[in-house]
A.B. asks: 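Dumping the structure here so I can ask a few things about it.
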There are 2 protein chains.
Amino acid sequence: MARASESPRYVAIAAEIRDTITNERLDPHTPIASERDLSERHGVSRMTARHALALLESEGFVYRRPPHGTFVSEPRVAFHIASFSDEISRLGRTPGAVVLWAEERKPTRSVREALGLTANATVHALQRLRSADGEPIAIETTYVPAALTPGLLEQDLGGSLWAVLREEYTVLAVSATASIQSVVIDDDACKLLGVRSASAGMLLTRRTYDADGRAIEFARDIYRADRASFEVEALIPAPR
Amino acid sequence: MARASESPRYVAIAAEIRDTITNERLDPHTPIASERDLSERHGVSRMTARHALALLESEGFVYRRPPHGTFVSEPRVAFHIASFSDEISRLGRTPGAVVLWAEERKPTRSVREALGLTANATVHALQRLRSADGEPIAIETTYVPAALTPGLLEQDLGGSLWAVLREEYTVLAVSATASIQSVVIDDDACKLLGVRSASAGMLLTRRTYDADGRAIEFARDIYRADRASFEVEALIPAPR
DNA sequence: CAGTGGTCTAGACCACTGG
DNA sequence: CAGTGGTCTAGACCACTGG
């Protein structure tokens, strides 16, 4: 039944749980009542209790871990547009990188244009799962002009890519332009990141340049929206 | 029933609609089949059809407009960290600002620290609904040191705030630091923005400085996630 | 008044996990 | 084997809108 000027029951139940988490300062990973518990306690059907938990999950307050239950979430990590490894280290955590795939290939049109490559240039393309203290945080898909970095794919890519570019190829990342938007994470990526299907993500699309203004990297990174925020600085253009 | 190695039915139905929107290049605001139509056509309950549409809505592919139906969404707007008015004008659209409230007050601790104010300083606080061609895009909540801008609240705030600061107070915004994160928009803000309850948003928290490095503005802006992306530039710090 | 999405019920079976 | 979340059914009544 719809109620004029009253909250739907799932909203009220979610509010009660949200308040409990906030006011009692529940630790991350503390269990929340199960859907069946909630439905009994509030005298609603399980679908309605479920709706309340789904709302809290979309807000990042709780996460589900079937078949164990529903738990309080951890707060998020603040990123600068910089080396993932450096950002995680700065927070006193241990960065990780697992190479999912890596190959030399012809770039797609959008990658070619982003890197300013000629029609027959190739790129080193790689995808890595990035983590902090073993917790998956982001999936990075990176494209580097192959001419700039011969043999890159034989290097150890389990750490900072920018460090490899710097130390093995004397290529130094000095500036970047990026676009940040909110997305829904696709199923394969959700599995890799250990989040539920269709979770919210932040898509960071980045072009990185060296001191000569040469494009040295193009990347599309998917961050867990519940674990990341981005810190940016900007110079304001003069008024028109 | 769960099906090993098969998609749930709501995912399959959503995929079919998503493909139709993409492949047939359906125009924004084109109607999608109703929940009852979908349930009949696919031989599922209405709750399952509804689940499919809820998934597409969370992805930004469709929007609901009760009791009219469900429709194809518009693509999003790319913002730089700059004047909202300038950004919208740059795209050839007409910016709008409606003042929701404006008052002089004692700042909260977080606002005071962000602006670097002394304990007894006051701020001009205002909240505005920003739009492009009349379409609501963001809610800006802005704090300006009152000592810097006497009489600000009596000015016309229906346009660019930075223009007022520049022209009436000779205060020029030259740089900003910002944080961008994904949030769920609260109910009151959803109503103002004309989006459904608990929609995804981007929270931009910004400090703006003049040429002397003086903090001239602190703002918390909520953007519709389905309508905005943020373009940023960054200088990469030297390796540690 | 027909049709829409919003909310809700009272069930059901499923895969999966840990004890 | 008890308990969890995931999916699904076949209904219901509601407020609201436009013709």
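In the text below, chain A, chain B and the rest are named by the order of the sequence lines, each starting its count at 1.
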A.B. asks: Which dot-bracket string fits DNA chain C when only Watson-Crick or G-U wobble pairs with both atom distances under 3.5 Å count, crossing pairs get [ ], and | stands for a partner on a different strand?
C.D. replies: ||||||||||||||||||.
A.B. asks: Between residues 34-53 of chain B and DNA chain C, which residues have a heavy-atom gap below 4.0 Å?
C.D. replies: B:Ser34, B:Glu35, B:Arg36, B:Arg46, B:Met47, B:Arg50
A.B. asks: Can you name the residues that form a side chain to side chain contact (heavy atoms under 4.5 Å, CB included) with A:Asp226, not counting sequence neighbours?
C.D. replies: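 A:Asp226 satisfies side chain to side chain contact (heavy atoms under 4.5 Å, CB included) with A:Arg224 once adjacent residues are dropped.
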A.B. asks: Any chance the side chains of B:His124 and B:Glu103 put a donor and an acceptor closer than 3.5 Å?
C.D. replies: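 Absent: no donor and acceptor within the cut-off.
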A.B. asks: Measure NE2/B:His68 against P/D:dA15 and give the value in whole Å, please.
C.D. replies: 17 Å
A.B. asks: May I have the distance from A:Phe71 (atom CZ) to C:dT17 (atom C1'), rounded to whole angstrom?
C.D. replies: 11 Å
A.B. asks: Looking only at side-chain N and O atoms, does A:Arg9 come under 4.0 Å of OP1 or OP2 in C:dC8?
C.D. replies: no
A.B. asks: Just by distance, no angles: are the side chains of B:Arg128 and B:Thr141 close enough, under 3.5 Å, to form a donor-acceptor pair?
C.D. replies: no
A.B. asks: Take the protein atom CZ of A:Arg64 and the nucleotide atom P of D:dT7, then report the distance between them rounded to whole Å.
C.D. replies: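 Taking atom P of D:dT7 as the reference, CZ of A:Arg64 is at 10 Å.
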A.B. asks: Strictly below 4.0 Å, N to O, side chains only: are B:Arg220 and B:Glu140 in salt-bridge contact?
C.D. replies: no
A.B. asks: Got a sec, which pairs hit salt bridge (Lys or Arg N to Asp or Glu O under 4.0 Å) with one end in residues 45-54 of chain A, sequence neighbours left out?
C.D. replies: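 Salt bridge (Lys or Arg N to Asp or Glu O under 4.0 Å) check on residues 45-54 of chain A returns A:Glu35-A:Arg46, A:Glu35-A:Arg50.
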A.B. asks: By the 4.0 Å heavy-atom rule, please label A:Pro67 as base, sugar-phosphate, or nothing.
C.D. replies: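 A:Pro67: base contact, heavy atoms under 4.0 Å.
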A.B. asks: Salt bridge check: are A:Arg109 and A:Glu113 linked by an N-O gap of less than 4.0 Å?
C.D. replies: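 Yes, charged N to carboxylate O under 4.0 Å.
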A.B. asks: Atom OG1 in B:Thr94, atom CD1 in B:Ile88: separation rounded to 0.5 Å?
C.D. replies: 9.5 Å
A.B. asks: Hey, which sits more toward the 5' end of DNA chain C by its nearest nucleotide, A:Pro66 or A:Val11?
C.D. replies: A:Val11
A.B. asks: What pairs with B:Glu231 under salt bridge (charged side-chain N to carboxylate O under 4.0 Å, His left out), at least two apart in sequence or on another chain?
C.D. replies: none
A.B. asks: Residues two or more places apart in sequence or in another chain: which of them pass salt bridge (charged side-chain N to carboxylate O under 4.0 Å, His left out) with B:Arg206?
C.D. replies: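 Checked B:Arg206 against salt bridge (charged side-chain N to carboxylate O under 4.0 Å, His left out); matches are B:Glu217, B:Asp221.
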A.B. asks: Rounded to the nearest angstrom, tell me the gap between atom CG in A:Leu55 and atom C1' in C:dC8.
C.D. replies: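 So the CG-C1' distance, A:Leu55 to C:dC8, works out to 16 Å.
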A.B. asks: Examine D:dG5: is either OP1 or OP2 under 4.0 Å from a nitrogen or oxygen in the side chain of A:Thr70? Give yes or no.
C.D. replies: yes
A.B. asks: Measuring to OP1 and OP2 of D:dC8, would you say a side-chain N or O of B:Tyr10 lies under 4.0 angstrom away?
C.D. replies: no
